[in-house]
Amino acid sequence: MDIIHLLPDSVANQIAAGEVIQRPASCLKELVENSLDAGAKRIQILVRDAGRTLLQVIDDGIGMSEMDARLAFERHATSKIREAKDLFSLRTMGFRGEALASICAVAQVEMTTRRAEDETGTLIEIHGSDVVRQEACSCPVGTNIKVSNLFFNVPVRRKFLKSDQTELRNLMTEFYHIALVYPKVAFTFVHNDEILLELPVGTEKQRIEAIFGNPKRNVYTSNFVDINTETDLVSIRGFVIKPENATKKAEQYFFVNGRYMRHPYFLKAVQTAYSGMLANDYQPSFFIYFDINPDAIDVNIHPTKTEIKFADEQTIFQILMASVREALGKFTLAPQIDFDTTGSIDIPLPQSDRVSQPRVNIDPNYNPFHTRGSIYPDRPQAVKGWESLYEGLSRPEEMPISQEANPNGLAIGDSDQAPLWQHGKYLFMSTEEGVLLIHPRRAHVCVLYAQFIEQLAHAQGAMQQLLFPEVMTLQQDEMVLAEQLLPDLRSIGFELEQLSPDSYSIQGIPSQLANQSALPVLQEILKNVRERGADTRNEWREQIALSLAQSAAIPSGKRMNEAEMRDLVKRLFALPAYRITPDGKTVVSLMTDEEISKRF
Ligand code: ADP
Ligand code: MG
């Protein structure tokens, strides 16, 4: 007896559907990509109940003939000729012409479509692969496809859908990936009759701003710098956030040849380029577009995955890192100077041995500031931020021995003799590499912060008795917070005694803040801990240390004498991380000799 038999079409389609259409978001992606393939200039997306009840895509593309409208829902029906080389095939490899067949197997689909040359359009209705209606209709040029009750006949899948909130987020994410690379197509996204996004035609930057430039997302393109690098292997361009505008939740997007991709390894390259520039927990936002010969991409990857493998990832890693560094370096060094260079790094790469034998020589520690035993040593631990740097003063294992011995090489020795002067708010110091610009208040914040962190770790704060005790009255929620912080506040030098259920008397203050009023300092600490979301003891300590450092540091613009300047600079360079303050502000910046000479 035969035990092998062919699956009925509808079953086969359901199986295929399981792979192509996992959730409303994957359905939306297929529909919108079809509209783009059809040359649409305007696409409307209407969603109900996060796609559970309705997913509708209306386009003004080329539309379909009566015959095509029917064929489109057959498996392997496709009007698109593709080669493996064709980058478009990347996403649908192995599923050519299967999207609509898969969708109609697991939903109730109604479509109207018309080509410009036809007078009447076609309406077709399919429920779970069965055509229930096909007739002529009058409709505008383009295609209007309505997918209702997704997975109505696959209860298991329906059950596995997450909350509406999660599925809507997935839909939006999928939508961003597409909308970001098609700024020349107008989109509208409507959910439950509410217009969530209205994206007019514009430039890439305008599209980014239109999607993310709101207070909630907080991504404004004016906070970005351009990157731009052309090599024989790859061209990389895009926008990376200025370090000072980084946030804890970042928008990070890579695109290759007009397609979104995830790439953890390249993400690392970008993060490495920001080493030491971001405060703890902060992430760089970026939008980076790669253009590469499709031959250099491994197309043999699952179509629904967004990971893409490149033939020469290590080389691209370095080119990417160098490119981001260059952009950031230029920005942090002298934002006021208008460079007339294009900013591209030329990395010649012989065409013939491109993939087999990469000969790009980029030092992974490439630093636009300087590379040899510099006052800007690249310290891997800087990425980890301040917390780990000071905790018990133990250094992370992976720190290179040479840096362990003298973390700041040249600078400490030289800073005693190097010409150092004050001009306006800033200090200037001549060094081997150029003129170093130092922000004295921020430098002082760094120095004090390190001190406070260490004192907190060892409960060694020094206390100065207040002549006139002050009283701090707190709200209910502040009281809870204050109780949590009390041991650390005491160990750093505050003397506090509970007066009543909602008040403390303050009798002592950390000696670095002597002569200041204690109350505003304490209020600032409570405010910062609450607002900056410090949840762990280490995070409270960071906020306490930072608030105290900011309260105790010299004011901006304070005149300093020679000894004060020398002392500050020396202490600053003795720190393991001194380029940025713990809250991410630039402390030192270098204007290289080369940049100075460019001005003449
Ligand atoms: P594929 O996109 O891989 O060809 P699909 O199942 O997604 O497979 O679509 C099948 C065919 O239906 C397409 O090749 C195209 O000819 C036609 N089609 C689908 N959507 C549209 C649309 N919005 N406008 C015009 N034609 C479309
Ligand atoms: Mg398709």
Side-chain angles (χ1 to χ4, degrees), residues 87 90 224-241 243 246 250-278 282-301 305-332 343-351 353-371 376-384 396 398-400:
L87 204 72
L90 256 181
F224 284 66
V225 270
D226 292 11
I227 63 166
N228 207 335
T229 299
E230 294 272 351
T231 70
D232 280 351
L233 176 63
V234 66
S235 112
I236 303 175
R237 55 184 190 84
F239 320 104
V240 298
I241 196 140
E251 302 295 339
Q252 304 179 319
Y253 293 88
F254 287 126
F255 305 95
V256 59
N257 296 5
R259 204 150 274 296
Y260 170 79
M261 73 163 170
R262 256 174 50 81
H263 210 296
Y265 183 60
F266 290 167
L267 172 61
K268 196 112 216 131
V270 177
Q271 288 170 331
T272 310
Y274 279 87
S275 288
M277 298 186 193
L278 298 184
Y282 280 59
Q283 278 287 325
S285 285
F286 59 81
F287 300 85
I288 295 177
Y289 308 79
F290 296 83
D291 268 298
I292 191 163
N293 181 337
D295 289 344
I297 298 177
D298 187 353
V299 290
N300 192 13
I301 241 176
K305 294 254 164 73
T306 45
E307 276 97 357
I308 288 176
K309 187 119 188 61
F310 290 69
D312 207 350
E313 301 204 322
Q314 278 163 16
T315 310
I316 298 177
F317 181 100
Q318 301 202 347
I319 297 173
L320 173 61
M321 187 171 75
S323 178
V324 175
R325 278 219 177 142
E326 204 219 8
L328 294 179
K330 202 191 289 172
F331 164 73
T332 45
S344 63
I345 347 171
D346 203 19
I347 303 155
L349 208 57
Q351 194 78 35
D353 56 5
R354 185 174 64 201
V355 174
S356 53
Q357 204 192 355
R359 287 218 308 255
V360 178
N361 271 327
I362 306 174
D363 180 350
N365 293 321
Y366 166 76
N367 182 325
F369 302 115
H370 198 257
T371 44
Y376 282 108
D378 261 327
R379 283 181 300 267
Q381 83 278 13
V383 193
K384 294 193 172 168
E398 67 270 20
M399 188 159 166

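FYI, the numbering just counts along the sequence from 1.
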Heavy-atom pair of closest approach, residues [X] and [Y]:
X: Thr272; Y: Arg325; answer: O-NH2, 3.2 Å
X: Ile297; Y: Asn257; answer: CD1-ND2, 4.4 Å
X: Ala250; Y: Pro284; answer: CB-O, 3.5 Å
X: Leu328; Y: Ala273; answer: CD1-O, 4.0 Å
X: Asp312; Y: Thr315; answer: OD1-OG1, 2.9 Å

Contacts of type ring pair (Phe, Tyr, Trp, His ring centres under 6.0 Å), residue Phe286, not counting sequence neighbours: Phe254
Hey, what do you get for [atom1] ([X]) to [atom2] ([Y]), rounding to the nearest 0.5 Å?
X: Glu251; Y: Ile241; atom1: CD; atom2: CD1; answer: 9.5 Å
X: Thr231; Y: Ile316; atom1: OG1; atom2: CD1; answer: 8.0 Å
X: Ser323; Y: Glu230; atom1: OG; atom2: CD; answer: 10.0 Å

Could you tell me whether the side chain of [Y] reaches within less than 4.5 Å of the side chain of [X], counting heavy atoms only?
X: Gln283; Y: Leu278; value: no
X: Tyr253; Y: Ile288; value: no
X: Phe239; Y: Ile227; value: no
X: Ile236; Y: Ile319; value: yes
X: Val240; Y: Tyr274; value: yes
X: Phe224; Y: Ser285; value: yes

Aromatic plane relationship, Phe310 with Phe290 - under 30° parallel, 30 to 60° tilted, over 60° perpendicular: tilted
Ring geometry between Tyr265 and His263 (parallel below 30°, tilted from 30 to 60°, perpendicular above 60°): tilted
Evaluation steps, side-chain contact (heavy atoms from CB on, under 4.5 Å), between Val270 and Met321: CA-CA 6 Å; Val270 177; Met321 187 171 75; over 6 Å; no
Step-by-step side-chain contact (heavy atoms from CB on, under 4.5 Å) determination, Phe266 to Glu313: CA-CA 8 Å; Phe266 290 167; Glu313 301 204 322; 4.3 Å; yes
